[in-house]
Amino acid sequence: MKNLRGRTMVAELSIPRPTFGALLHSDPATFNQDDDETSNKTSSTSTNMSPGYYSSSTPPSGELSPYLSPWNQLSPYTKSPWIIPSPISHKLSNNGLIGSIAREEGQVYSIAASGDLLYTGSDSKNVRVWKNLKDFSGFKSNSGLVKAIVLCGEKIFTGHQDGKIRVWTISTRNPSAYRRVGTLPTLKDYVKGSFSPKNYVEVRRHRNVLRIKHFDAVSCLSLNQDQGLLYSGSWDKTLKVWRVSDYKCLESVNAHDDAINSVVTGFDSLVFTGSADGTVKVWRRELHGRGTQHFLVQTLLKQENAVTALSVNQESAVIYCGSSDGLVNFWERQKHLSHGGVLRGHKMAVLCMASAANLVFSGSADNSICVWRREGGGVHTCLTVLTGHGGPVKCLAVVEDQESDEGDQRWIVYSGSLDKSVKVWGVTDNAPKWSEYRSPRLSFSSHSPNRRQYHG
């Protein structure tokens with residue numbers, strides 16, 4: 001990225017470089033068809049281990065400082081100074097770290113937000129529920145790291161390492177109690193389909209599984225609420241389509257040659273999938289015979305580096321793709337899904353993405369979050385880089401700040417990390433871009449090979 005004088009701005013980051021495979025995969029769980037009937041009891045919020053709440057003055061780590069009592073904090077929303085000292089900090093008062101929440105339950109792999117509720121999934125198999133950033137409730141399955149969370153009204157869908165999709169709902173008697181109401185595929189459909197040999201597919205030598213069941217980790221979920229469809233992507237290379245109303249598997253698509261890392265529903269009823277095989281594919285649901293079927297429309301990208309994250313901006317009709325090389329590519333419907341450009345803001349793999357209005361967020365294995373603003377003509381400006389996590393940023397969720405002033409739209413960004421913490425950030429799209437100020441933590445160079453820049 002270049003400043004007003006034409007010099008290129010570089011963020012000096014000194015970070016360890018873990019292997020990329022360790023960031024995406026963990027030891028696969030043994031698949032067990034016996035469901036966890038005894039696991040749907042709600043976790044009590046009164047546990048032996050109390051969650052920690054701390055402001056941005058705490059060192060950037062998922063571990064709570066022993067010198068800071070969580071009960072001395074008046075509010076988890078304690079305002080913090082801008083994370084990068086700046087002579088124009090009065091312009092940046094609405095941006096930066098608001099606070100952090102942590103509970104010693106493992107690394108955070110998935111996150112979802114709705115209203116004042118925040119759901120976080122970890123490798124402890126727990127889903128914690130936070131209300132106004134306070135520990136509110138939780139639920140747990142017997143097996144399966146929680147890799148994806150999708151909210152659909154009163155239902156919560158979770159994708160797990162053991163290949164199952166579990167469905168949860170809020171108790172009508174106790175709003176802080178959650179119970180499991182189903183598993184995809186349902187036991188009824190599983191038994192019914194097991195009698196016919198045509199319902200089986202060979203996944204490896206001498207091993208056949210039912211077509212309607214994922215036999216490897218469910219890595220991603222996406223919901224088309226208008227059509228009542230849930231899409232699941234898996235390391236088994238398949239994309240499955242589920243009907244939300246009765247949990248029936250409508251279709252199983254052999255979508256990629258390697259693990260599917262991301263699936264998102266987009267504009268024009270299109271579905272986008274990104275895979276470790278380096279491709280981004282576009283699918284459309286069309287009439288076929290007596291029913292419907294998803295057909296491949298286009299392959300947007302084919303590269304050697306794994307595709308690790310996707311995000312769709314519904315308003316501007318743009319699809320963003322993060323890769324293991326740290327780049328973000330994007331395509332625009334206005335240009336018939338032609339390639340719009342590349343955003344260069346990370347030194348390591350992009351692990352997650354989110355978008356809201358004209359803003360795009362990318363979380364990375366370099367422990368940072370880049371915030372981009374889409375300008376006219378498809379140009380993207382890097383507003384800031386949010387730093388503070390002590391580990392790779394694995395998941396992001398963005399909701400509109402209900403206290404936004406008129407003419408100054410603000411957003412609350414939740415980021416989950418492998419440092420076992422969730423951080424809460426405030427971002428406004430009216431923030432000055434980086435080229436409008438200098439900071440002691442930034443240096444400028446016109447010849448740096450790792451400079452932060454953008455195209456498009």
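Positions are given from 1 along the sequence.
- Side-chain N/O atoms of Arg285 and Thr292 include a donor and acceptor closer than 3.5 Å.
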Verify side chain to side chain donor-acceptor pair (under 3.5 Å) between Asn174 and Ser171, making sure each step is shown before the conclusion. CA-CA 5 Å; Asn174 183 2; Ser171 172; over 6 Å; no
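- Although no hydrogens or angles enter the test, the distance criterion places a donor-acceptor pair under 3.5 Å between the side chain of His339 and the main chain of Gly341.
- Two rings, from Phe272 and Phe267, have their centers less than 6.0 Å apart.
- With sequence neighbours excluded, the residues satisfying side-chain hydrogen bond (donor to acceptor under 3.5 Å, both in side chains) with Asn305 are Asp325.
- With hydrogens and angles disregarded, a donor-acceptor distance shorter than 3.5 Å links the side chain of Ser417 to the backbone of Pro392.
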Could you go step by step and tell me if Val427 and Leu386 meet the side-chain contact (heavy atoms from CB on, under 4.5 Å) rule? CA-CA 10 Å; Val427 174; Leu386 306 175; 4.3 Å; yes
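- In this structure, the side-chain hydrogen bond (donor to acceptor under 3.5 Å, both in side chains) partners of Asp236, at least two apart in sequence or on a different chain, are His214, Ser234, Thr238.
- Between Tyr247 atom OH and Leu230 atom CG the span is 10.5 Å, to the nearest 0.5 Å.
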Test side-chain contact (heavy atoms from CB on, under 4.5 Å) applied to Val271 and Val263, step by step: CA-CA 7 Å; Val271 180; Val263 57; 3.8 Å; yes
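- Heavy atoms only, all atoms of each residue included: Cys321 and Trp331 are closest at CB-CZ3, 3.5 Å.
- Between the side chains of Ser324 and Thr308, no donor-acceptor pair of N or O atoms lies under 3.5 Å.
- Under the salt bridge (Lys or Arg N to Asp or Glu O under 4.0 Å) criterion, Glu332 pairs with Lys335, Arg374, sequence neighbours left out.
- Nearest heavy-atom pair, Val307 versus Gly278, reported as atom, atom and distance to 0.1 Å: CG2-C, 3.8 Å.
- Between Arg180 atom CZ and Thr169 atom OG1 the span is 13.0 Å, to the nearest 0.5 Å.
- Counting non-hydrogen atoms of other residues, nucleotides and ligands closer than 6.0 Å to NZ of Lys155 gives a total above 12.
- Judged by distance alone, the side chains of Tyr414 and Tyr119 never bring a donor and an acceptor atom under 3.5 Å apart.
- Between the side chain of Ser262 and the main chain of Ala309, no donor-acceptor pair closer than 3.5 Å is present.
- Side-chain N or O atoms of Asp162 include one that pairs as donor or acceptor with a backbone N or O of Lys164 at under 3.5 Å.
- Applying the salt bridge (Lys or Arg N to Asp or Glu O under 4.0 Å) rule to Asp226 yields no partners; only residues at least two apart in sequence or on another chain are considered.
- No hydrogens or angles considered: nothing links the side chains of Thr381 and Trp372 as a donor-acceptor pair under 3.5 Å.
- Taking all atoms of both residues into account, the shortest heavy-atom contact from Ser323 to Gln303 is OG-NE2, 2.9 Å.
- Applying the 6.0 Å contact sphere to CD of Gln334 captures no more than 12 heavy atoms from other residues, nucleotides or ligands.
- No donor-acceptor distance shorter than 3.5 angstrom exists from the side chain of Thr428 to the backbone of Arg410, with no hydrogens or angles considered.
- A donor-acceptor pair is defined here as one N or O able to donate and one able to accept, closer than 3.5 Å; such a pair exists between the side chain of Lys281 and the backbone of Ala255.
- In terms of the side chain to side chain contact (heavy atoms under 4.5 Å, CB included) criterion, residue partners of Asp257 (sequence neighbours excluded) are, by chain and number, Asp277.
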Listed pairs under 3.5 Å, donor-acceptor, residues 193-203 side chains, sequence neighbours left out:
from   : atom 1 : to     : atom 2 : distance (Å)
Ser194 : OG     : Val191 : O      : 2.6
Asn199 : ND2    : Gly193 : O      : 3.0
Tyr200 : OH     : Ser194 : O      : 3.0

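- Arg243 is linked by a salt bridge (Lys or Arg N to Asp or Glu O under 4.0 Å) to Asp246, counting only residues two or more places apart in sequence or in another chain.
- Once rounded to the nearest 0.5 Å, the distance linking NZ of Lys140 with OG of Ser124 reads 6.5 Å.
- Taking CD1 of Ile165 as the start and NE2 of His160 as the end, the distance is 9.0 Å to the nearest 0.5 Å.
- With sequence neighbours excluded, the residues forming a side chain to side chain contact (heavy atoms under 4.5 Å, CB included) with Ser415 are Ile369, His389, Val393, Leu396, Lys423, Trp425, listed by chain and number.
- Counting heavy atoms from C-beta on, the side chains of Pro185 and Cys249 never come closer than 4.5 Å.
- Checked for salt-bridge contact, Lys237 and Asp258 miss the test: no charged N lies under 4.0 Å from a carboxylate O.
- Looking at Thr265, its side chain does come within 3.5 Å of a backbone N or O of Leu223 through a donor-acceptor pair.
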Is there a side chain to side chain donor-acceptor pair (under 3.5 Å) between Ser252 and Lys240? Walk through the geometry before answering. CA-CA 4 Å; Ser252 179; Lys240 297 193 188 302; 2.6 Å; yes
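- Taking the side-chain hydrogen bond (donor to acceptor under 3.5 Å, both in side chains) definition, one finds that Arg211 meets it with nothing, sequence neighbours left out.
- Counting only heavy atoms from C-beta outward, the side chains of Val422 and Leu118 approach each other to under 4.5 Å.
- Applying the side-chain hydrogen bond (donor to acceptor under 3.5 Å, both in side chains) criterion to Glu400, with sequence neighbours excluded, gives Gln409.
- In this structure, Met353 and Gly322 approach most closely via the heavy-atom pair SD-N, 3.6 Å.
- Checked against a 6.0 Å centroid threshold, the rings of Phe139 and Trp168 count as neighbours.
- Residues satisfying the ring-ring contact (aromatic ring centres under 6.0 Å, His included) criterion with Trp411, sequence neighbours excluded, are absent altogether.
- Residues Gln227 and Ser269 bring a donor and an acceptor atom of their side chains to less than 3.5 Å of each other.
- With values rounded to the nearest 0.5 angstrom, Ile149 atom CD1 is found 13.5 Å from Tyr109 atom OH.
- Listed for the Asp401 side chain is no donor-acceptor partner under 3.5 Å among the backbone atoms of Gly426.
- The two residues Val350 and Ser362 have their closest heavy-atom pair at CG1-CB, 4.2 Å.
- A distance-only check finds a donor-acceptor pair linking the side chain of Ser219 to the backbone of Ile260 [under 3.5 Å].
- For residues 283-323, the pairs satisfying ring-ring contact (aromatic ring centres under 6.0 Å, His included) are Tyr231-His294, His288-Phe295, Tyr320-Phe330, Tyr320-His380, with sequence neighbours left out.
- Listed for the Ser137 side chain is no donor-acceptor partner under 3.5 Å among the backbone atoms of Val129.
- Smallest separation of non-hydrogen atoms from Val108 and Lys394: O-CB, 3.5 Å.
- How far CG of Leu117 is from CH2 of Trp130: 13.0 Å, rounded to the nearest 0.5 Å.
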